[in-house]
Participant: 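I'd like to ask you about the structure that follows.
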There are 2 protein chains.
Amino acid sequence: MIDVARHAGVSRTTASYVLTGAGRVSTATRERVQASIETLGYVYNEGAASLRRKGRTIGVIVPNIDRPFFGEVLSGVESTFTASGYMALMVSTRDRLDQQARLLRMLREHQVAALAIIPATGSNHDLVSSIRSWDVPTVFLSRYVLGATEPYVGSDEVLGGYLAADHLVRAHRCRSITYLGGPKLGVARIDRLTGVHRALAESGSEVNLVDLTCESTVEAGIRAGHELAGSGLPDGIICHNDTVALGVARALFDAGHAGATRIIGYDDIATAQASIPSLTSVATNGRLLGETAASALLAVISGAEPAVRSHLAEPQLIVRESCGDHA
Amino acid sequence: MIDVARHAGVSRTTASYVLTGAGRVSTATRERVQASIETLGYVYNEGAASLRRKGRTIGVIVPNIDRPFFGEVLSGVESTFTASGYMALMVSTRDRLDQQARLLRMLREHQVAALAIIPATGSNHDLVSSIRSWDVPTVFLSRYVLGATEPYVGSDEVLGGYLAADHLVRAHRCRSITYLGGPKLGVARIDRLTGVHRALAESGSEVNLVDLTCESTVEAGIRAGHELAGSGLPDGIICHNDTVALGVARALFDAGHAGATRIIGYDDIATAQASIPSLTSVATNGRLLGETAASALLAVISGAEPAVRSHLAEPQLIVRESCGDHA
DNA sequence: TTGTAAGCGTTATCAG
DNA sequence: CTGATAACGCTTACAA
């Protein structure tokens, strides 16, 4: 930069001013500096700058970068950040607490200016206090941690569970429902189940609810489907996400039970509409969630400290064929 | 760090040595320093360190962070990097050249130590020379740029096209084949088509090949499927990726042409096996691709300059039901 | 094994 | 609007 200044015949200060847009510089000199930058092929050193002022990189922690829903969230986060000149340092915990702790430390050493995190399953107050002691603007995304007071951007899981169960019970008169998938102790899972219970209670009818856990993969969905087929099918199945829903549907088809029960997925990933039968799903718009969280974070960074509040998006039930409503 | 040194009763140099593992420090003092670090709650400042030595963040550019295949690649890249103490600055170009240029510049300003890039469609020598003038270790990933000499990690697209077409022609005696999807000028697309042509030539039989373009979304696949249904179905369809394949399959089903033609997808994403009918697909193992590229980059960074070479993985045809082979 | 001191490229302050 | 000058937190010869 000192070269640029010299080449343009100005002081380092002035050069810095035109680079950052701060301070008042005459249009004439500004253009002269710009020209020097161009001919010298100078490129701004963000790293060096970060040594003085606040950096422009933001940490993003997700459980699994390659799961469709998280991919959507990430794309929203990333585009919002880069649109404002920030860059996202994204890492994936594989939903493991030890990895999460390690990555958190790495991000801290990298001086990220803020943190957006989808906490790994089982995250507790240790995570929160670790972040607090660090004192970095943070937003929890898509999953919250009990007892945390930092802003949270997610969707209303209770409502999601309610919508799914309500549809099965009211529109299809299901008398037995299975909730399938998700980590046993995940907050999303627990909330959705309370939504389910609420819907059942409201319906007034006697409904038998079974609660099953499984990994969030197609394979796990397939296995679960076969077990279900063997042990007697419920009237309806609410899956923790679309991926396992598709696996279940496939397994039931293979077991000769195609269309024998209603299946509802969660997240409404892109391919849900294409599956045969098309998948009824609770849509949560991950991309929007990501954008919202990123915007909130940017706002905090820009000094609007107290303005940030939590945000709960309303999920929407997209009714398709897999729950028995044939288009 | 100066505080740590003081607290431990050593010089900054020594403190630095134990932090980085460089230099020789007696076990006694090392432990003393570690203790001070602990009690003082000191955290290493990677940004400051990068001002002197090479940084430990690596730029990763992809066209679309939320497309399943790229998600797989990214997860491979990310886990390999973080396992070695590097962090990935990931950005998504939305497959647009202007975005790509902008993001490239941002990454440069952030002093990334290396670059892994899936170039946006239409990238040409401008991209290459821009990267060269920058002089940063680079690996092209999954898509190459004509005339680039930097290492490339991808899969053998010609072979992939060949496998798909060969199966349709030899196993199913298809006499008319449509290649559907992908950006018109994408290198992957062109290569796969030469593979297709090769298979047709080898078969010796007269085959009518139609070449159609579409966006890589479910919706585009559905539209294309309806058009195909309207204008007469070919004996077999090779889709540019699984997402459009699923869309096509759905559209044909809706148009009353279920099972009327053979469909082959590409990438073998997780849900391909669960679809009904299950999707025959050319598997490319994106995760492994990502890991390979990341390892190559790490090797270059570690000084093994000349050792890096291109790597072409062999895709594999996973035969399932959508091409007429019922399990 | 430890200490000294010179950078790395930027920003910020403050007096011209 | 410009010029010095002091940080920012760390690495790394070189010397002791």
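Letters A, B, ... mirror the listed sequences (proteins, then strands); counts begin at 1.
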Participant: Considering heavy-atom distances to DNA chain C, does B/R32 or B/A48 have its closest nucleotide positioned more toward the 5' end?
Facilitator: B/R32
Participant: Going by the angle between their ring planes, with limits at 30° and 60°, are A/Y144 and A/Y152 parallel, tilted or perpendicular?
Facilitator: perpendicular
Participant: OP1 or OP2 of C/dT13 less than 4.0 angstrom from a side-chain nitrogen or oxygen of A/Y17, does that happen here?
Facilitator: no
Participant: Nearest whole angstrom, please: distance from the C1' of C/dG3 to the CZ of B/R6.
Facilitator: 15 Å
Participant: Round to a whole Å and report the spacing from CZ of B/R12 to P of D/dT12.
Facilitator: 15 Å
Participant: Taking for each residue the nucleotide of DNA chain C with the nearest heavy atom, is it B/L51 or B/G9 whose nucleotide lies nearer the 5' end?
Facilitator: B/G9
Participant: Do B/R12 and B/D3 meet the salt-bridge criterion of a basic N to acidic O distance under 4.0 Å?
Facilitator: no
Participant: Indicate, with a heavy-atom threshold strictly under 4.0 Å, whether B/S26 touches base, sugar-phosphate, or nothing.
Facilitator: sugar-phosphate
Participant: If only atom types and distance count, is the side chain of B/R32 paired as donor or acceptor with the main-chain N or O of B/A8 below 3.5 Å?
Facilitator: yes
Participant: Using whole Å, report how far CD of B/E46 lies from P of D/dG9.
Facilitator: 15 Å
Participant: Side chain of A/T29 only, please: which of C/dG3, D/dT2, C/dG9 is the nearest?
Facilitator: D/dT2
Participant: Just to be sure I understand the rule, does B/S50 reach a base, reach only the sugar-phosphate, or reach nothing, if contact means heavy atoms closer than 4.0 Å?
Facilitator: nothing
Participant: State whether the side chain of B/N64 and the backbone N or O of B/D66 hold a donor-acceptor pair below 3.5 Å, judged by distance alone.
Facilitator: no
Participant: May I have the distance from A/R53 (atom CZ) to C/dT10 (atom C1'), rounded to whole angstrom?
Facilitator: 8 Å
Participant: Between P on D/dC10 and CZ on A/R52, what's the gap in Å once rounded to a whole number?
Facilitator: 15 Å
Participant: Could you give the CG-to-C1' distance, from A/N45 to C/dG9, as a whole number of Å?
Facilitator: 6 Å
Participant: Rounded to the Å, how far apart are B/E109 CD and C/dT10 P?
Facilitator: 10 Å
Participant: Could you check whether A/R189 pairs with A/E157 (Lys NZ or Arg NE/NH1/NH2 to Asp/Glu carboxylate O, under 4.0 Å)?
Facilitator: no
Participant: Return the nearest nucleotide to the side chain of A/S16; candidates are C/dT11, D/dC10, C/dG9.
Facilitator: C/dT11
Participant: Any base atoms under 4.0 Å from B/T13, or only sugar-phosphate, or nothing? Heavy atoms, all strands.
Facilitator: base
Participant: Between atom OH in B/Y44 and atom P in D/dC10, what is the gap in whole Å?
Facilitator: 8 Å
Participant: Contact class for A/S11 (heavy atom, under 4.0 Å): base, sugar-phosphate, or nothing?
Facilitator: base
